[in-house]
Number of protein chains: 2
Amino acid sequence: MTGHSTTGHYHHGDLRNALLQAAGKLLREQGIVGFSLRDVARAAGVSHAAPYRHFRDKAALLRALSGLGFEHLHAALTEAAASRRGPEQILIEVTRVYVHTVMQNPGMTRLMFGTVISAEGDAGNAPAASSILEVFLGIIKAGFAVGAFRDRDPRELALVAWSTMHGLAMLAVGEVVDAKYKDMKELDALARTVAENVIYGISRS
Amino acid sequence: MTGHSTTGHYHHGDLRNALLQAAGKLLREQGIVGFSLRDVARAAGVSHAAPYRHFRDKAALLRALSGLGFEHLHAALTEAAASRRGPEQILIEVTRVYVHTVMQNPGMTRLMFGTVISAEGDAGNAPAASSILEVFLGIIKAGFAVGAFRDRDPRELALVAWSTMHGLAMLAVGEVVDAKYKDMKELDALARTVAENVIYGISRS
DNA sequence: GGGGAGATGTTTATGGTGTAAACATAGCTT
DNA sequence: AAGCTATGTTTACACCATAAACATCTCCCC
């Protein structure tokens, strides 16, 4: 026990979470560009200096927020990977989920992968990122187990898979691909194509 | 003739370019995070309001800068693609150049692909981006010509190739891959692996 | 070649931001 | 009940983006 209340409430309740929640909403609705700590405080109904009791600075809040984003993505991927189907089908499904999740919250995506936050002592994104890689590693190893994939360093194959779907997702979220792919249906089909390509690439024989 | 001097000089010389140059340097050295228009003006030795005579606002300057970045990347890729070797070798080389170019200037990369700049009337990144896609399209079509690649919509295959190397580059620049890959040699090898995977994936048979 | 006129740069002003410090208070602990 | 600490507020400061008013340079036209 650290000596706090048992209910989890104090002055405000728990501001820390309220701030993260508010920040998440602002990020989703207005993007990362004009994102201001003072807006967050306003949205949470506290003074503009209150956040400093819970986060060392703006970057710390963003880092925490980014962590939540990684958790969300990790959960989505894990769920998609938890299927009894073969590794190929799983890879396709995971790719689609990856793209969907990323597109659903572009601001969060840019926060997570834009290195807007410089680690600075705090380990930064590294652990969260490696937990994502772990998911792909699991899929690859499962593929090995049934002899589906080429005999390579599994970490390498996992990175190949991740790179591929990540690239597609980033191009899509960066509004850099054809306007055609703004349509989610089209993008979904492209995701499938990309995934199939990965599979061809890493498959045995 | 618009009625300006013939030498291209005016008060300062040509501030517009000086500003872009200074901005580029700041971006390279200090990243996009604390990037300020006033710093740019200072670095160019003019008052903090001077840039507004050449760019509508900060975003406009960043857009122009990003355009230069796209030109640079495009030139590097074009050069790498201009080889007499087969499409497979070219694809490998282009991937390595892509990753190198991106890693050489992370700030620029984030500017180009981070959508820090919201198009806003100006067409934004779209044309520049499509000129990049054009390079891949050329490679793919050359591959078709010698019967190297699977019979697919070439645009689709080009997007697959781009996605893949872009993803690797973004993960690398986001400091999200293993620390091991901070070593350029290792990263280079990974780039080759990823490229080979693309090739396997899109190759005929 | 002299006089606008427009392009370029500066000064000044305004409202916003991140952050630090001094202050106030709520609620636990003894 | 007293006091300590966590939490929140006020005030203050330096910086930023942007706009408006002002100054000046250069070119074009008569």
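Treat the numbers as computed from the prediction; the structure is a model and nothing was measured. Chain identifiers are assigned alphabetically (A, B, ...) following the order of the sequence lines, protein sequences preceding nucleic acid strands; residue numbering begins at 1 within each chain.
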For this session: Determine the interplanar angle of the A/Tyr98 and A/His166 rings, folded into 0 to 90°, and report it as parallel if under 30°, tilted if 30 to 60°, perpendicular if over 60°.
Result: perpendicular
Problem set entry | Atom-pair distance (CZ on B/Arg16; C1' on C/dG9), nearest Å | 17 Å
For this session: Show the numbers, then the answer: is there a side-chain contact (heavy atoms from CB on, under 4.5 Å) between A/Val160 and A/Phe136?
Result: CA-CA 10 Å; A/Val160 166; A/Phe136 296 114; over 6 Å; no
For this session: Let me have a per-nucleotide readout for nucleotides 14-19 of chain C, 5' to 3', with B, S or -, counting only protein heavy atoms under 4.0 Å.
Result: ---SBB
Exercise. Does A/Phe113 have its ring centroid less than 6.0 Å away from the ring centroid of A/Phe70?
Worked result: yes
Problem set entry | Whole-Å distance separating the CZ atom of B/Phe55 from the P atom of D/dT18 | 13 Å
For this session: Kindly indicate, with the supporting measurements, whether the criterion side chain to side chain donor-acceptor pair (under 3.5 Å) is fulfilled by A/Ser83 and A/Arg85.
Result: CA-CA 5 Å; A/Ser83 154; A/Arg85 287 175 296 179; 3.2 Å; yes
For this session: Flag the pair B/Lys185 and B/Asp188 as a salt bridge only when some basic side-chain nitrogen lies within less than 4.0 angstrom of an acidic carboxylate oxygen.
Result: no
For this session: Could you tell me the separation between the CG atom of B/Leu15 and the C1' atom of C/dT10, rounded to a whole number of Å?
Result: 12 Å
For this session: Look at A/Arg150 together with A/Glu156 and state whether they make a salt bridge at an N to O cut-off of under 4.0 Å.
Result: no
Exercise. Atom CZ of A/Arg53 to atom P of C/dC23: distance rounded to whole Å?
Worked result: 14 Å
